Colleague: 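Pasting a structure here, questions to come.
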Amino acid sequence: MSDRYCVFGNPVGHSRSPAIHAAFAAACHQDLVYEAILAPLEGFAACVRAFVATGGRGANVTVPFKQEACRLATRLTQRARLAGAVNTLSFDGGDWLGDNTDGAGLLHDLTHNLGCPIAGMRVLLLGAGGAARGVLGPLLDAAPSRLLIANRSPATAHELAGRMAGVGNLGACTYAQLAGECFDLVINATSASLAGDALPLPDGLFAAGSLAYDMMYGQGQTPFLRLAGSRGATRLADGLGMLVEQAAEAFHLWRGVRPETASVLTVLRDGR
Ligand code: ATR
């Protein structure tokens, strides 16, 4: 029987992960099945247990269960512990390893696919929720000359910066406090566009040659990328590349082989 994997989420019907992992499995000649499972909002743990009881070997976890998955894992990788969130679970009997491949996926997309070396860059991260927490450690590891978190609620941004204080040097501020600042890379980790809101970003934020990166993706250009383009960002990228790269990291963890991602990304981009 094929090994079973899945993604848990709510909602999960829109997930591209089954298509991505099916493409990886075919390319790497791995015998596995990967499905999307809608977990009830109040029944995530029971859903995971049922999956493991019926032979589940690993799972991806998406909104809104990443923090609950972190509590459910019996063991955490260091990057998952730092993020306080798990997007990848590996099951081996009673051993449930929780990992977080989001940051590695983002960094891989930035450096390998987009040719954006983080070292020495002035980097601004917008947002201080789960998405931001998942990528801060790997971003700091890549040695930017400056890393600043801006958030609507200043207390959340300061709390996050304080939590990461042992890992590297980063600051926190509000959007209004960004006036007069300039960055080479601006990453949107907020969910503002889900509410149809534009972020109140000051003029002059995007340096010449800068890259605006939205961890969100969807049909057409995201509201953040439209805004960034109109404010002088030279290069625009959405989060589809990060999605494929975090999946490749998870696949590597489960199967011991890292799949080639470029062709899968091309198919996803052409198909939307
Ligand atoms: P999660 O932790 O699940 O990712 P979250 O805690 O709601 O979700 O975080 C989402 C991020 O998007 C936060 O940084 C949030 O800002 P606040 O901490 O101020 O709430 C940000 N965000 C969501 N909607 C926003 C909006 N309309 N304008 C600006 N920022 C927004």
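Counting starts at 1 for both ligands and their atoms, following the listed order. The model shown is predicted, which means the values in this text are computed figures rather than measured ones. The chain is numbered in sequence order, starting from 1.
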Colleague: Decide, yes or no, whether a salt bridge links R133 with E159 under the criterion of side-chain N to carboxylate O below 4.0 Å.
Modeller: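 Result for this pair is no, no salt bridge flagged.
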Colleague: List by chain and number: which residues place a heavy atom under 4.0 Å from ligand 1?
Modeller: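 The 4.0 Å shell around ligand 1 contains G127, A128, G129, G130, A131, N151, R152, S153, T156, T190, S191, A192, D197, L199.
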Colleague: Does the side chain of T222 come under 3.5 Å of the side chain of D214 through a donor N or O and an acceptor N or O?
Modeller: yes
Colleague: Within the supplied structure, the quantity of interest is the number of heavy atoms (other residues, nucleotides, ligands) at a distance under 6.0 Å from R81 CZ; does it exceed 12?
Modeller: yes
Colleague: Would you say M164 and M121 are hydrophobically clustered, going by side-chain heavy atoms of ILVMFWY under 4.5 Å?
Modeller: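 Looking at the clustering, M121 is in the same group as M164.
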Colleague: Just by distance, do the side chain of T234 and the backbone of G209 share a donor-acceptor pair under 3.5 Å?
Modeller: yes
Colleague: Got a donor-acceptor contact below 3.5 angstrom from the H158 side chain to the P154 backbone?
Modeller: yes
